[in-house]
Protein chains: 2
Amino acid sequence: MPGATEQKIIDAAVRLFASQGYDATSVQEIVTAAEVTKGALYHYFRAKDDLLFEIYRLLITSQSADMDRIIGLGLSSSETVREILCSLVVSTAERVDETAVFVRELHRLGEDRMTEFRAERRRYHETFLAVIEKGQADGSFSSSVPADTVVRIAVGVVNQLPMWYRPDGPKPPPVLAGEIADFVLAGLSA
Amino acid sequence: MPGATEQKIIDAAVRLFASQGYDATSVQEIVTAAEVTKGALYHYFRAKDDLLFEIYRLLITSQSADMDRIIGLGLSSSETVREILCSLVVSTAERVDETAVFVRELHRLGEDRMTEFRAERRRYHETFLAVIEKGQADGSFSSSVPADTVVRIAVGVVNQLPMWYRPDGPKPPPVLAGEIADFVLAGLSA
DNA sequence: GTAGGCATACCGACCGGTCGGTAGGGTGGC
DNA sequence: GCCACCCTACCGACCGGTCGGTATGCCTAC
């Protein structure tokens, strides 16, 4: 639960990292945008990297929670896939900046944190994979395309969303989410 | 047609940018890796950004040429889509480093070059879009999902390829390309 | 000789991080 | 009631080091 100052710093960092990149954003720019001082920033964060890691942590935590919640509902395979995709697309659209930073600056994570992150992502992938494989096993889905490739495609689209999605674009997020879910489900029922 | 020195510099830059990022790579690192000196680099390139732009230019040029060539073959809609996707996936796999740099560091392009680049990308998108819309119009494809969303999905997967594709992975590029094409075509025939 | 193709030494700007210090609220002894 | 003490939150000048870029000149080919 971050306090007000901490939150202001993170918000400013996300905005600046998303528009300029991590390295191209100086700590001074962040504190100026957040209307605090360098002292305040280094009081709450040990280093600039900590900001990145915190942004990732918040994003991953919320996405994992979303998926677990949906699976817990006990819907049919295709309804589960639809719900996962829709919630993923909508929540990503709500947090384009965080996602853009995440996709672009992932490689700057240090060794330890990278390992930690990879484990979390692997868990996410395998949970999703299991849902699709279950559907293929019980005949809800076609097996003509391997489940892992389907997961790659689905996650790929979402991660690329920041490249083209604009909040003031013609299609509101729920519509977009529906279209994407329709397409993936169509591919799964070939 | 770059000369030998120029090519060595670009190759080194691509490799380093892909593994560390643009800002995190110093000009000194590039020239050391390329076994040339700073004088040589600044003899051929006016600034560090020029390296980025050159990398993009080479990538986009070759991809556009690929698509134009395939469309020129005059195949059926679904064969055309399959060929475009396969060649895109295979050529992207061949140039993962370039693609990784492209996806991650695009935002560093200056105003002018960004405009130039956007025009080129728009042309690419619209050409691809036209192929799908033609297929939808003549009944080869279903119209249940809008063509622009399909293009977004297809391009999204390819751009995310550097995130997970490894040359020594279990699936060689042509197999992967086939699976992705199968999936997209399945979604288009729902 | 002279023009392109480099090498080397160097510059000024800037950056992440530090550090000595302060403001102000809480707390315990008397 | 109040003072001494401390602790958290925060300030901002400053430092060592690095980086992109330049100035200058050598050296080989023509």
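Here is how names work: the chains are called A, B, and so on, in the same order as the sequence lines, proteins then strands, and each is numbered from 1. Nothing here was measured: the structure is a model prediction, and the numbers come from that model.
In this structure B:D68 satisfies the salt bridge (charged side-chain N to carboxylate O under 4.0 Å, His left out) test together with B:R123, sequence neighbours excluded.
The B:K38 side chain lies nearest to C:dC10 when the options are C:dC10, D:dG12, D:dC11.
Checked against A:D11 for a side-chain hydrogen bond (donor to acceptor under 3.5 Å, both in side chains), the options A:R15, A:Q7, A:K8 give a single hit: A:Q7. Under the side chain to side chain contact (heavy atoms under 4.5 Å, CB included) rule, B:V158 has a single partner from B:I153, B:T92, B:T99, which is B:T92.
Backbone-only contact: B:K48 has heavy atoms under 4.0 Å from sugar-phosphate atoms and none from a base.
Residue B:E29 qualifies as enclosed at atom CD: its count of foreign heavy atoms under 6.0 Å is above 12.
With respect to A:K171 and B:D148, a salt bridge is recorded, a charged nitrogen being found less than 4.0 Å from a carboxylate O.
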Atom pairs, N/O to N/O, protein against nucleotides 5-10 of chain D, distance under 3.5 Å?
unit_1	atom_1	unit_2	atom_2	d
D:dA9	OP2	A:H43	NE2	3.1
D:dC10	OP1	A:T5	OG1	3.0
D:dC10	OP2	A:Y44	OH	2.2

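Between the side chains of B:S62 and B:R95, at least one donor N or O sits under 3.5 Å from an acceptor N or O.
By the rule that hydrophobic residues join a cluster once side-chain heavy atoms approach within less than 4.5 Å of another member, A:L188 and A:I71 end up as members of one cluster.
Taking every heavy atom of residues 18-34 of chain A and every atom of DNA chain C, pairs under 4.0 Å involve A:T25, A:S26, A:V27, by number.
Taking the six-membered ring for Trp and the full ring otherwise, A:F102 and A:F117 have centroids separated by under 6.0 Å.
Put simply, OH on B:Y42 is 18 Å from P on D:dT24, counting in whole angstrom units.
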